[in-house]
S.K.: 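My questions will all concern the structure given below.
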Amino acid sequence: MTSYHLGRDFVEPIEIKDKHASVSHNHATITVDGDKWVLSDNDSTNGTYIEEDGVFRRVRNMTITPDTWIRLGEDGHRGYYFKARRLLKPNDYREDFAKLFEIYQEFENASNRLDSHRRFAKYSSPIMVICCTLLTFLPGIVDNGYAVRLMIAFPGIVAPFIQDALLLKLEKRVKRLALKLICPKCRRALSKDDILNREHLFCQAR
């Protein structure tokens with residue numbers, strides 16, 4: 001079991017400079033015991049946070065993974081952001097970029113599916129509504145009463161709602177994946193070339 005101390009009093013494994021003024025001198029501790037990682041806040045003034053779905057929430061004692069994003073202190077430049085795996089490999093981002101490449105492939109597939117569903121919904125829903133409506137006026141169907149006519153019209157009525165639900169689900173997935181496509185060092189958004197080249201030109205992470 002190994003404990004890593006984080007704060008402005010420590011230079012190993014991560015040096016947090018005084019410009020990150022909202023970070024306490026002895027801010028937090030991460031304990032690694034095999035595959036179990038535990039983040040503990042040391043009663044810091046401005047708190048310790050982990051990211052979940054793009055939002056940072058304050059924690060006191062929390063089991064994390066090497067891929068967990070952590071913020072020490074306030075939001076913005078006065079706080080300090082890092083991914084937990086930096087404890088083991090402070091300047092090696094190869095594993096991060098390998099995972100980002102996998103996420104980008106998921107993002108591309110989801111984006112293509114979303115575009116395809118949008119094109120399909122644009123034409124299919126109105127056509128289905130019109131066809132089902134016209135069917136209810138056929139002579140043989142009109143004679144069977146309103147119940148039968150409603151059953152025939154029903155698919156056309158619900159089709160737009162089903163399409164909207166599918167589109168909303170895909171849109172949320174695309175947005176969720178896009179939030180993950182950030183630099184593992186500086187947290188800026190990565191371009192397609194950055195991910196494919198596995199290097200962020202802005203901060204030189206690689």
S.K.: Is a salt bridge present between E51 and R187, judged by a nitrogen-to-oxygen distance below 4.0 Å?
M.R.: yes

S.K.: Mind running side-chain hydrogen bond (donor to acceptor under 3.5 Å, both in side chains) on N42 and N26 for me, showing each step along the way?
M.R.: CA-CA 7 Å; N42 296 336; N26 181 15; 3.1 Å; yes

S.K.: Please walk me through it: do E171 and R118 pass salt bridge (charged side-chain N to carboxylate O under 4.0 Å, His left out)?
M.R.: CA-CA 10 Å; E171 286 171 355; R118 280 174 174 164; 3.1 Å; yes

S.K.: Keeping to residues at least two apart or across chains, list the salt bridge (charged side-chain N to carboxylate O under 4.0 Å, His left out) pairs with something in residues 20-49.
M.R.: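 Listed once each, the pairs are D41-R60.
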
S.K.: Find out whether L39 and I50 are in side-chain contact, i.e. whether some heavy atom of one side chain is under 4.5 Å from a heavy atom of the other.
M.R.: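 Touching, per the 4.5 Å side-chain cut-off.
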
S.K.: If you measure from the Lys or Arg side-chain nitrogens to the Asp or Glu carboxylate oxygens, is any gap between R173 and E106 under 4.0 Å?
M.R.: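 The answer is yes: the pair qualifies as a salt bridge.
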
S.K.: Please assess Y81 against F56 for the test ring pair (Phe, Tyr, Trp, His ring centres under 6.0 Å), listing each intermediate value before the final yes or no.
M.R.: CA-CA 11 Å; Y81 299 80; F56 281 90; 5.5 Å; yes

S.K.: So, are D67 and R85 salt-bridged, with charged N and O less than 4.0 Å apart?
M.R.: yes

S.K.: Between atom OH of Y104 and atom CG of D194, what is the distance when rounded to the nearest 0.5 Å?
M.R.: 11.0 Å

S.K.: Please determine if E52 and R57 form a salt bridge, counting it only when a charged side-chain N lies under 4.0 Å from a carboxylate O.
M.R.: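 Here E52 pairs with R57 in a salt bridge, since their nearest N and O are under 4.0 Å apart.
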
S.K.: Could you tell me whether the side chain of H117 and the main chain of L167 form a donor-acceptor pair under 3.5 Å?
M.R.: no

S.K.: Between Y49 and D75, is any pair of side-chain heavy atoms under 4.5 Å apart?
M.R.: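 Y49 does not reach D75 side chain to side chain.
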
S.K.: Charged N to carboxylate O below 4.0 Å: is that the case for D96 and R198?
M.R.: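 Salt bridge between D96 and R198, a charged N being under 4.0 Å from a carboxylate O: no.
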
S.K.: Any side-chain donor-acceptor pair under 3.5 Å between N46 and S24?
M.R.: no

